[in-house]
Amino acid sequence: MSNVSTSQASPSRPVRADHAGYERYARRAVIGSALSTFWSGALIFGYPGVMKSIWADKFDATPGQLGWVMTFVVLSLGIFTFFAGKWHMALGTRRSYLVGTCVLVACMLIVIYAPNIWFIYLFAFLNGTASCFVYSPSLATVQNWYPNRRGLVTGIVNLVFGLSAAVMSPLFKVMFDAWGYAGMGWALIVAIVVTNLIAAAITEMPDRTALTESQKLARTEMMSASTTSGATLAPAPDVEPKAAVRTRSFWFIWLAWCFMGAAGISMVTLSTGYGEFLSVSGYAVAGVALLTAFNLTNGFSRIVAGALSDVIGRNRLGALTFAAAAVGYFALPFTHNTLALCVMCGLVGFAFGTLFAITAPLGTDLFGLKYFGVIFGYIFTAYGFVGGLVGPLLSSYVLGKTGSFTVVFSYLGVFCLLAAFFIILAKPRERGSR
C-alpha cells in the first residue's frame, strides 16, 4: 500500500520550470556556436586575400589563376552545405564540429606543403567544405536553444563569422612576417584545434543535452511564448525538405539568394577595382577604403539585421536593405568622393550581411526547426552554384568587354531590386491569433 500511495503522490508535485538552468546551457551553446565559426570565416574571407601576392610569387601564378581560389570556395559551399545539414541531424553539433575541424586541419596541411597552384585550389575547396560543418550546424543549434529570438542569436553567429576576417587579416600579415609561410600555417593549425575543441565541448543541440525535467519545461514554455505578435513568428510546423522545395516561398528565397548573392559577392573585387580606376582617372580615392567599408557593414549588419528582423520582420527588412543596395550601385558611377563612395559600398555590404542574417530565421519561419539544416543547404545552392559564381565571373566578363563600370553597376543594381522583389514574396503564413 505504501508503494501505491507513494507512486500516486509523486505526480501531485508540480515540476517548476528552471529557466536559469536552461539559460546557462543556452548561453554556452551560443558562445560555442559563434566561436566555432571564427577560423572558418577568417580563412575564407581573409587568408586568401593576404596570401594572394605570396602565392603569386611562390607558384608563379597569374591574377586570373588566383581568381579561381574563391570560385572553388563558393563551389564547395554549394555542394556541402546541404550534406552538412543532413549529416548534422545524425551526428549532432559536437561531432559535426569535429568533422569540420579535421577537414580544416587537412586543408591547412595542404596549403603548407602545396607544390603548385592546383593544391591551393584543393585547399580552397576543402576550406569551404570545412565551414559547412560548423556554420550550418551553428545556425541550427542556436535557433533550437532560442526559438523565440532566432534573429538575434543567428545574428551573433553571423557577426563572428563575418567579422573574423577583418580581425585576422592584419594579424595574418604579422604572423607571416614573424614565423614565415610554414610556421604561420602550423600556428594556425594549433589555434584552430584549440578553439574548435573548446567550441565542441560547450555546444550541442538541446535534445542531445542532459537537461533536467525542469529545464525541459523551461524550453517548452519558451516555445509557447513565441507568438505572432508584431512581426515575430513562432517556428513553423516542421516541413520535410521534399515538401519545402515544392513551395513558392522556397523558390522566392532561392531567387533572392541568386540575385543578392551575385550583387553582394561582386563588390569584393569591384570595390578595389573601381577605386583604382578612379585614382588613375585623377580622383584621390583609396580602393582599400571602399573594400573596408563593404566588409565592416557586411559584418556588423549581421547582428543588427538579425535583431531587427525579430521586430520588424525578415521580409520587410530584406526588401528595404536590398533596395538600398540598388541605390548604392546606381549611384556609384556618379560618385567620386571617397566618403560618399564608402557609403555606397557600405549599403551593398549591409544588404549582403542582411541576406545572411535573415535567411536562417526566415527559413524556420517557413519550414520549422527540425529539417532546417537540409533546407538551408538547398537554399544555399543558389549562392554556391549561381550567385556566388555568376556574380564575380559575369562582372569580370562584362567589364572586360565594355570597359565600363557604369554598365556593371547598373545591372547589379537591377539584381538588388529583383532580390528585394522576391524576398518580400517569401512570406510565412500567419499562425495563431494576434
Side-chain angles (χ1 to χ4, degrees), residues 30 33 81 85 88-89 135-158 205-206 219 222-257 260-261 301-322 351 353-380 382-383 419-434:
V30 173
S33 296
T81 300
H88 176 234
M89 296 177 65
Y135 181 65
S136 177
S138 291
L139 295 178
T141 300
V142 296
Q143 289 189 97
N144 272 275
W145 280 104
Y146 285 103
N148 59 331
R149 284 181 278 176
R150 288 168 290 128
L152 174 62
V153 293
T154 55
I156 292 171
V157 172
N158 274 303
M205 294 283 281
R219 172 172 164 75
M222 182 180 290
M223 289 288 290
S224 299
S226 298
T227 67
T228 57
S229 60
T232 304
L233 287 170
D238 295 321
V239 179
E240 292 190 356
K242 289 183 179 179
V245 298
R246 290 198 294 267
T247 65
R248 288 182 297 177
S249 291
F250 171 87
W251 290 106
F252 288 144
I253 299 176
W254 195 89
L255 288 168
W257 263 95
M260 193 63 233
S301 68
R302 299 184 182 217
I303 188 169
V304 174
L308 275 177
S309 74
D310 283 335
V311 180
I312 69 173
R314 336 285 184 199
N315 309 86
R316 185 180 296 113
L317 181 64
L320 288 173
T321 56
F322 299 168
T354 298
L355 177 67
F356 281 86
I358 67 172
T359 301
L362 180 57
T364 50
D365 285 344
L366 288 163
F367 308 117
L369 289 165
K370 183 176 181 180
Y371 302 103
F372 163 77
V374 178
I375 296 171
F376 184 72
Y378 282 139
I379 293 171
F380 225 67
Y383 182 58
F421 172 74
F422 286 120
I423 202 68
I424 204 68
L425 295 177
K427 287 186 176 181
R429 63 186 183 276
E430 298 291 339
R431 298 183 295 278
S433 58
R434 290 192 178 278

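FYI, the numbering just counts along the sequence from 1. Given the structure is predicted, the values throughout are model-derived calculations rather than measurements.
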(message) Donor-acceptor check, side chain of Asn144 to backbone of Met205, threshold 3.5 angstrom: yes or no?
(response)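 Not a single qualifying donor-acceptor pair exists.
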(request) Without swapping roles, check the side chain of Arg314 against the backbone of Ile358 for a donor-acceptor pair under 3.5 Å. (result)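 No.
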With rounding to the nearest 0.5 angstrom, report the [atom1] to [atom2] distance, [X] to [Y].
X      : Y      : atom1 : atom2 : answer
Tyr383 : Phe356 : OH    : CZ    : 4.5 Å
Ile423 : Leu255 : CD1   : CG    : 10.0 Å
Thr154 : Gln143 : OG1   : CD    : 5.5 Å
Thr354 : Met260 : OG1   : CE    : 8.5 Å
Leu366 : Ile253 : CG    : CD1   : 4.5 Å

(request) Can you sort out the partners of Ala382 under side chain to side chain contact (heavy atoms under 4.5 Å, CB included), two or more places apart, ordered by chain and number? (result)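 Ala382: side chain to side chain contact (heavy atoms under 4.5 Å, CB included) contacts with Trp254, Trp257, Cys258.
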(request) Return the set of residues passing side chain to side chain contact (heavy atoms under 4.5 Å, CB included) with Ile424 (not counting sequence neighbours), or none when no residue passes. (result)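 With neighbours one apart ignored, the set is Asn315, Ala319, Lys427.
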If we only count heavy atoms from C-beta on, is the [X] to [Y] side-chain gap below 4.5 Å?
X      : Y      : result
Thr359 : Ile379 : yes
His88  : Thr141 : yes
Val239 : Thr247 : no
Val153 : Trp145 : no
Thr321 : Leu355 : no
Pro206 : Arg219 : yes

Looking only at non-hydrogen atoms, find the nearest pair between [X] and [Y] and report the distance.
X      : Y      : value
Ser301 : Gly353 : OG-CA, 3.2 Å
Asn158 : Ala357 : ND2-CA, 3.9 Å
Leu317 : Ala305 : CD2-O, 3.2 Å
Ala426 : Phe252 : CB-CB, 3.8 Å
Asp310 : Gly151 : OD1-N, 3.1 Å
Ser136 : Gly85  : OG-CA, 4.2 Å

(request) Name the orientation class of the two ring planes belonging to Tyr135 and Phe380 (parallel below 30°, tilted from 30 to 60°, perpendicular beyond 60°). (result)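 If you compare the ring of Tyr135 with that of Phe380, the planes turn out tilted.
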Distance-only donor-acceptor hits, side chain of residues 368-378, under 3.5 Å, sequence neighbours excluded:
none

